[in-house]
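Accompanying notes for the structure given below.
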Amino acid sequence: MSGSEKAVLSDICYIKLVPIGSVNPNNPLSDQSRAEQVNLLNKCLNDYPKGVIIGKDITVGRYMLGEHELTMERTTYHVGFKRKPSWEN
């Protein structure tokens, strides 16, 4: 979708969910894993066919570790495409 075109929800035929982050304290993400997630989001928004963010979900987890509280967050972006990208399996 080019900059001059408006994203119309009726044109969206494929939606990809792209999570960024983790709320699992037993399996925290490494910097490399987080970078891979961000790269996938950038690929969805910049490669052909260009997708558009049509929504997002935010999940927050709060855990008590002894006296300390740990807060973790995951944001899942809903990226809509006019058609399924060829690079998507």
Side-chain angles (χ1 to χ4, degrees):
M1 292 176 222
S2 69
S4 62
E5 293 180 27
K6 291 277 187 174
V8 180
L9 288 179
S10 62
D11 291 343
I12 303 296
C13 295
Y14 181 76
I15 298 173
K16 175 147 182 76
L17 303 179
V18 182
I20 306 288
S22 174
V23 291
N24 185 351
N26 296 324
N27 190 15
L29 286 179
S30 66
D31 290 338
Q32 180 183 357
S33 296
R34 187 176 303 270
E36 289 171 2
Q37 291 176 334
V38 171
N39 288 339
L40 176 59
L41 180 60
N42 285 332
K43 182 176 187 174
C44 290
L45 299 175
N46 294 314
D47 284 1
Y48 184 81
K50 286 190 178 189
V52 62
I53 295 175
I54 58 174
K56 70 177 181 177
D57 296 325
I58 299 174
T59 305
V60 177
R62 291 189 174 177
Y63 308 96
M64 292 300 294
L65 300 174
E67 299 176 358
H68 303 283
E69 182 178 13
L70 174 65
T71 303
M72 301 179 77
E73 182 177 304
R74 177 181 68 217
T75 303
T76 302
Y77 293 94
H78 304 244
V79 182
F81 295 91
K82 286 187 176 181
R83 62 178 180 81
K84 185 174 181 178
S86 60
W87 48 264
E88 176 66 17
N89 294 330

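Atom set for the values below is all heavy atoms of this structure, side chains included, hydrogens, waters and symmetry mates excluded.
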Return the set of residues passing side-chain contact (heavy atoms from CB on, under 4.5 Å) with L17 (not counting sequence neighbours), or none when no residue passes. I15, T76, H78

Sequence neighbours excluded, which residues qualify as side chain to side chain donor-acceptor pair (under 3.5 Å) partners of E73? none

Between CG on residue N46 and CG on residue L41, distance to nearest 0.5 Å: 9.0 Å

So how far is it from C13 SG to R83 CZ, rounded to the nearest 0.5 Å? 10.5 Å

Return a table of donor-acceptor pairs under 3.5 angstrom between the side chains of residues 59-67 and protein atoms on other chains or two or more places apart.
{"from": "Y63", "atom 1": "OH", "to": "V23", "atom 2": "O", "distance (Å)": "2.5"}

Would you say the side chain of V18 lies within less than 4.5 Å of the side chain of C44, judging by non-hydrogen atoms? yes

Within a reach of under 6.0 Å around CG of D31, are more than 12 heavy atoms found that belong to other residues, nucleotides or ligands? no

With sequence neighbours excluded, residues passing side chain to side chain donor-acceptor pair (under 3.5 Å) with T75: none

Residues forming a side chain to side chain donor-acceptor pair (under 3.5 Å) with S86, sequence neighbours excluded: none

What's the separation between atom CG in L29 and atom CD in E36, rounded to the nearest 0.5 Å? 10.0 Å

Could you tell me which residues satisfy side chain to side chain donor-acceptor pair (under 3.5 Å) with E88, sequence neighbours excluded, listed by chain and number? Y14, K16

What distance separates I53 CD1 from L45 CG, expressed to the nearest 0.5 Å? 5.0 Å

The reported gap from CZ in F81 to CG in D11 (rounded to nearest 0.5 angstrom) is 14.5 Å

Would a hydrophobic clustering, with Ile, Leu, Val, Met, Phe, Trp and Tyr connected at side-chain separations under 4.5 Å, put W87 with V79? yes

Consider only side-chain heavy atoms of I, L, V, M, F, W and Y, link residues closer than 4.5 Å, and tell whether Y77 and I58 are in one cluster. no

